[in-house]
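Here the structure comes first, spelled out in structure tokens, and everything after it is commentary.
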Amino acid sequence: MAKSSRDVYCSSDWRAVMFTAGKKSEIGQRLGIQYTKAMQPSVPVSYGDITMEFHQESMGLMAISGVVWDAGLLMVDFLLWAKAQNEFDALSGRLLDIGCGTGIAGVSALLLNDSNNVLFTDIDMLPCFDYNVDQLSETQRQRQEFVTYRWNETNLPESFQFSTSTTTGSGVLVSEEREAIVWDTLLCSDLLYEEKCHALLLSVLHRIAFKRAIFTYKQRHEVPEEKFFEELSQWCTVRVVNRETIPLVNLPHTSMSGLFVVIVEPLVALT
């Protein structure tokens with residue numbers, strides 16, 4: 001039986017939930033993936049009635065963005081749970097998968113919703129990402145796009161900010177309109193592993209119009225990570241999902257140490 005909306009979020013402040021004794025990653029679990037799993041060519045991910053093999057980069061842990069991290073599996077399990085809830089809509093509309101890596105977050109969103117659109121972005125398109133997207137149906141692939149972007153670039157990609165619609169007649173372009181984009185959901189899976197990138201990510205988030213961001217956060221370096229969420233809380237609500245709410249399908253319970261689902265919403269609501 002699904003929990004009510006009152007049970008979805010932890011009652012305590014996000015600081016107390018994530019950054020107090022007993023909530024931190026246990027020694028030996030700070031990496032965020034089992035070494036043997038990182039060295040496998042692919043990882044099976046279950047969506048209930050189907051299972052998809054997500055391919056990884058052959059360099060294993062050396063290819064940080066090319067590995068299916070535990071935070072990615074937690075994102076899948078959270079999205080599976082979200083699909084089953086009527087009160088939390090995390091899958092519809094426009095979704096932006098930031099630092100997509102293998103594509104596990106955005107691909108999962110495409111698999112679990114028949115009408116959304118996902119824009120993937122990372123510093124490069126990895127071969128494993130291309131392979132994983134190719135496993136989608138043609139209809140699902142038509143609802144996705146990949147844009148290369150580095151967080152330190154001054155200008156955001158045009159596709160982060162505007163959508164373009166065209167009107168044609170007799171095969172000739174009649175008009176072209178640009179519409180400002182408000183992203184329904186940002187998918188942010190395991191983005192805080194490097195402290196030097198925190199300020200860059202905050203800058204990117206400040207410049208994107210969005211309704212909510214879903215962070216699956218793996219705790220590794222408490223002090224700078226707490227500072228990241230503190231700065232985010234200056235202009236957003238930061239709430240931690242009650243971990244007992246999420247049925248774990250793909251992530252083993254033994255891997256949950258220091259892992260959290262954090263929902264971030266701008267204080268000024270966007271429509």
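Sequential numbering from 1 along the given sequence is applied to the chain's residues.
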Minimum heavy-atom separation for [X] to [Y], with atom names?
X    : Y    : answer
Y149 : N155 : CE1-O, 3.6 Å
A90  : R212 : CA-NH1, 4.1 Å
V17  : F260 : O-CE2, 3.9 Å
S255 : D70  : CB-OD2, 3.7 Å
W14  : V238 : CD1-O, 3.6 Å
W183 : L95  : CZ3-O, 3.4 Å

**Request:** List in chain and number order the residues that pass salt bridge (Lys or Arg N to Asp or Glu O under 4.0 Å) with D77, two or more places apart in sequence or in another chain; answer none if no residue qualifies.
**Result:** none
**Prompt:** Quick one: salt bridge (Lys or Arg N to Asp or Glu O under 4.0 Å) partners of D13, sequence neighbours excluded?
**Reply:** R15
**Message:** Using side-chain contact (heavy atoms from CB on, under 4.5 Å), reason through V182 and K211 one step at a time and then give a plain yes or no.
**Reply:** CA-CA 7 Å; V182 176; K211 296 179 182 178; 3.9 Å; yes
Atom [atom1] of [X] and atom [atom2] of [Y]: how far apart are they, to the nearest 0.5 Å?
X    : Y    : atom1 : atom2 : answer
S203 : L205 : OG    : CG    : 9.0 Å
M75  : L259 : CE    : CG    : 11.5 Å
F229 : M18  : CZ    : CE    : 4.5 Å
L232 : H198 : CG    : NE2   : 11.5 Å
S233 : E226 : OG    : CD    : 10.0 Å
W69  : Y193 : CH2   : OH    : 8.5 Å

For [Y], does its backbone N or O pair with a side-chain atom of [X] as donor and acceptor, under 3.5 Å?
X    : Y    : answer
Q140 : L111 : no
N132 : H55  : yes
Q144 : R141 : yes
K218 : S257 : yes
E225 : Q219 : no
E222 : F19  : no
T237 : E265 : yes

Is any side-chain heavy atom of [X] closer than 4.5 Å to a side-chain heavy atom of [Y]?
X    : Y    : answer
E194 : L201 : no
L74  : M256 : yes
C128 : E57  : yes
L187 : L96  : no
Q85  : V8   : no
F228 : F215 : yes

**Asked** Listed by chain and number, what are the side chain to side chain donor-acceptor pair (under 3.5 Å) partners of T51, not counting sequence neighbours?
**Response** none
**Request:** Check side chain to side chain donor-acceptor pair (under 3.5 Å) between S42 and all other residues, then give those that pass, not counting sequence neighbours.
**Result:** E53
**Prompt:** Is the CG atom of D114 crowded by more than 12 outside heavy atoms at less than 6.0 Å?
**Reply:** no
**Asked** Can you list the steps and then say if F120 with L110 is a side-chain contact (heavy atoms from CB on, under 4.5 Å)?
**Response** CA-CA 11 Å; F120 296 91; L110 288 165; 4.1 Å; yes
**Request:** Name all pairs fulfilling the side-chain hydrogen bond (donor to acceptor under 3.5 Å, both in side chains) condition that reach into residues 116-125, sequence neighbours left out, sorted by first residue then second.
**Result:**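 Counting only pairs at least two positions apart or across chains, the side-chain hydrogen bond (donor to acceptor under 3.5 Å, both in side chains) contacts touching residues 116-125 are N116-R143.
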**Selection residues 92-111 - residue pairs positive for side-chain hydrogen bond (donor to acceptor under 3.5 Å, both in side chains), sequence neighbours left out** = Y47-S108, D89-S92, R94-S163
Can [Y] be reached from [X] by stepping across I, L, V, M, F, W or Y side chains whose heavy atoms are under 4.5 Å apart?
X    : Y    : result
I123 : V133 : no
Y131 : V118 : no
V76  : I50  : yes

**Message:** Using side-chain contact (heavy atoms from CB on, under 4.5 Å), reason through R207 and F160 one step at a time and then give a plain yes or no.
**Reply:** CA-CA 9 Å; R207 290 178 287 152; F160 278 29; over 6 Å; no
**Asked** For W81 and V261, what are the C-alpha separation, side-chain angles and deciding distance, and is it a side-chain contact (heavy atoms from CB on, under 4.5 Å)?
**Response** CA-CA 12 Å; W81 170 83; V261 178; over 6 Å; no
**Note: K227-E195 ion pair, threshold 4.0 Å (strictly below)** =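 Result for this pair is no, no salt bridge flagged.
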